Amino acid sequence: MEISALPAQSWSMSYRFVVPRAATAPKIVREFVATLVAAFGHGDIVEHLKLCVSEVVTNAYQHTRTAQITVDVSLGSDSVTVWVDDGRPGWLPRAPRSAPPWHDESGRGLYLVSRFADGLGVGASEDGAPRLGFTIDYKGAA
């Protein structure tokens with residue numbers, strides 16, 4: 001899966017969640033987003049969603065020194081889109097084409113997201129810095 005622009009939703013409800021850059025950030029954001037999506041009746045995608053959220057927020061936590069991580073969640077008519085902004089100017093992620101070697105201790109995050117999400121993209125935050133996003137389609141959505 002290539003990183004590209006994510007499709008626009010026909011309707012959406014958006015939420016923003018800002019957490020301190022801390023070791024607890026991935027769990028807190030993962031549980032918040034899972035609860036949000038389940039509350040809107042899309043519990044069927046929660047496990048894939050939790051994995052993808054964990055990976056992108058963990059990436060922001062591990063590879064930046066920013067004070068905050070901003071997460072935007074858009075619940076659309078057929079999917080949920082999550083954007084993570086870690087304040088890292090100039091960094092553009094690339095989805096790996098294959099899994100890293102089994103003995104590597106890192107490098108699997110974006111690979112996992114590319115396998116479990118239906119779309120992966122890079123966009124610009126409000127201040128123009130790149131941010132990473134993914135979309136997961138609701139199962140059974142028409």
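In this chain, residues are counted from 1 in sequence order. As the structure is a prediction and not an experimental result, all values here were calculated from the model.
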Look at the side-chain heavy atoms of Ile, Leu, Val, Met, Phe, Trp and Tyr, link any pair under 4.5 Å apart, and say whether Met13 and Val53 land in one connected group. yes

When you compare the side chain of Leu75 with that of Tyr138, does any pair of heavy atoms fall below 4.5 Å? yes

Tell me, do Val84 and Thr70 make a side-chain contact under 4.5 Å, heavy atoms counted? no

Minimum side-chain heavy-atom gap Val37-Ile45 below 4.5 Å: yes

Side-chain contact test, heavy atoms from C-beta onward, threshold under 4.5 Å: evaluate it for Arg21 versus Thr64 and give yes or no. yes

Any idea which heavy atoms bring Val19 and Ala25 closest together, and the distance? CG2-CB, 3.8 Å

Evaluate the side-chain hydrogen bond (donor to acceptor under 3.5 Å, both in side chains) criterion for residues Thr81 and Thr135: first the C-alpha distance (whole Å), next the side-chain angles of each, then the deciding distance (0.1 Å), finally the verdict. CA-CA 4 Å; Thr81 299; Thr135 295; 2.8 Å; yes

Can you see whether Arg30 engages Ser54 through a side-chain donor-acceptor pair at a distance of less than 3.5 angstrom? yes

Hey, does Leu132 have a side-chain heavy atom less than 4.5 Å from the side chain of Trp83? no

Taking the side chain as C-beta and beyond, is there a heavy-atom pair between Val73 and Phe17 under 4.5 Å? no

Of all the heavy-atom pairs spanning Leu49 and Val33, show the shortest one and how long it is. CD2-CG1, 3.5 Å

Atom CG in Asp137, atom CG in Asp78: separation rounded to 0.5 Å? 7.0 Å

Tell me whether Val56 is reachable from Ile28 by hopping between hydrophobic residues (I, L, V, M, F, W, Y) whose side-chain heavy atoms are closer than 4.5 Å. yes

May I ask you to decide if Glu55's main-chain N or O and Thr58's side chain share a donor-acceptor pair within less than 3.5 Å? no

Do the non-hydrogen side-chain atoms of Leu120 and Val113 ever get within less than 4.5 Å of each other? yes

Which atoms form the tightest heavy-atom contact between Val46 and Ala38, and what is the distance? CG2-CB, 4.2 Å

Assigning hydrophobic clusters by single linkage (Ile, Leu, Val, Met, Phe, Trp, Tyr; side-chain heavy-atom cutoff under 4.5 Å), is Leu36 placed with Val71? yes

Does the pair Asp44/Lys139 count as a salt bridge with the N-to-O cut at 4.0 Å? no

Between Leu51 and Val29, is there shared hydrophobic-cluster membership here, with clusters defined by ILVMFWY side-chain heavy atoms closer than 4.5 Å? no

Please name the pair of heavy atoms, one in Tyr61 and one in Ala23, separated by the smallest distance, quoted to 0.1 Å. CE1-N, 3.4 Å

Side-chain touch Cys52/Ile136, heavy atoms, less than 4.5 angstrom: yes

Hydrophobic clusters here meaning ILVMFWY residues chained together by side-chain heavy-atom distances under 4.5 Å, can you tell me if Val18 and Val82 are in one? no

